[in-house]
Structures are given as C-alpha cells and as structure tokens.
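Below is one structure, written out as structure tokens; the observations come after it.
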Amino acid sequence: MFNFPFSQNTPQQASEASTETRHTSPAPFWETAASPYDEAEKRLADMEANEPKRRLIRDAKALGKMRKITQQQMADEIGVPRRTLEEWTQYRRLPRSPGTTLLRRWVEAHSPGTPASNT
C-alpha cells in the first residue's frame, strides 16, 4: 500500500542498537565533575581575557559623561541600538569583535586631545 524508504529489518536493528547502549554504565560522578579549583581557574582566565573590553566600556562611559550626552545620543554616534549600549555599560553583556571595534573607534574619535575630536 505505502512505499517506505526503509526495509523491514530497520526496527529490529534499531532495538539491537539501543540494547547495546543500555548496558554501558556511566562514569562515576567523581571522574566527570570538575573540581572547584578548575572552575575557578577557568572563570579567572575568562575575566582576564575580557579585561580589555571592560576597560574600553569604562572609558566609553566616562567619555559619555564628560561630553554630557545621553545613552541614546551615544548609541546613535556609535551605531548600535540604545538597549545594546545599555547592556554593555551595565556589564550584563560584553561586546563581541564588531562592537568592540565600534566602541574603540568612537572613544578614539571623541577623546579630548585627539586630532579627530569634534568637541
């Protein structure tokens, strides 16, 4: 009646495969769980890797305050949505590579003492 793309033996092969995986025992929890020391080291390494981004955000926030502009004006100048800039400035999210580049260019362009400064 119906043309099925599989043969009659397929369900039997599937049940045999499932019985093979059923008999394997999981590794003991003490072998699979990472130690708290390893997790702390990983978090510390992540924080150190993100430190340049945090400094850039801190500088951008300070520059925005010095220029007395709103977050909306700052976001328009940078070229990102206001909500994204808010997430960055409150450290809930860190910018990825394109966002970091936009922030860096904005800070360089509007920093006092740089030739490209329009303030």
Please report the C-alpha distance between Glu41 and Asp38 in whole Å, then the side-chain angles of each, then the deciding distance to 0.1 Å, and finally whether the side chain to side chain contact (heavy atoms under 4.5 Å, CB included) criterion is met. CA-CA 5 Å; Glu41 287 294 318; Asp38 293 340; 5.6 Å; no

Would you sort out whether Arg67 and Met74 count as a side chain to side chain contact (heavy atoms under 4.5 Å, CB included), showing the intermediate values? CA-CA 10 Å; Arg67 293 184 62 212; Met74 187 173 166; over 6 Å; no

Just distance, no hydrogens or angles: give the donor-acceptor pairs under 3.5 Å from side chains in residues 88-96, sequence neighbours left out.
unit_1, atom_1, unit_2, atom_2, d
Thr89, OG1, Gln71, NE2, 3.3
Thr89, OG1, Leu85, O, 3.1
Thr89, OG1, Glu86, O, 3.1
Gln90, OE1, Arg92, NH1, 2.9
Gln90, OE1, Arg92, NH2, 2.9
Arg92, NE, Glu87, OE1, 3.4
Arg92, NH2, Glu86, OE2, 3.4
Arg92, NH2, Glu87, OE2, 3.4

Could you check Gln72 against Asp76 for side chain to side chain contact (heavy atoms under 4.5 Å, CB included), going step by step and ending with a plain yes or no? CA-CA 6 Å; Gln72 183 63 53; Asp76 290 341; 3.0 Å; yes

Looking at every non-hydrogen atom in both residues, tell me the closest pair between Met66 and Pro112 and how far apart they are.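 Shortest heavy-atom contact: CE-CG, 3.5 Å.
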
Salt-bridged, Lys42 to Asp46, with N to O below 4.0 Å?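 A salt bridge links Lys42 with Asp46.
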
What's the spacing between Thr101 OG1 and Trp106 CH2 if we round to 0.5 Å?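 Nearest 0.5 Å value for the OG1-CH2 distance: 15.5 Å.
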
Determine yes or no for a side-chain-to-main-chain donor-acceptor pair under 3.5 angstrom, with Ser111 supplying the side chain and Val107 the backbone.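 Here the side-chain-to-backbone pair exists.
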
Hey, does Pro52 have a side-chain heavy atom less than 4.5 Å from the side chain of Thr100?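 The answer is no; the side chains never approach within 4.5 Å.
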
Per the side chain to side chain donor-acceptor pair (under 3.5 Å) rule, what does the pair list look like for residues 49-66, sequence neighbours excluded?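 Residue pairs with at least one partner in residues 49-66: there are none.
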
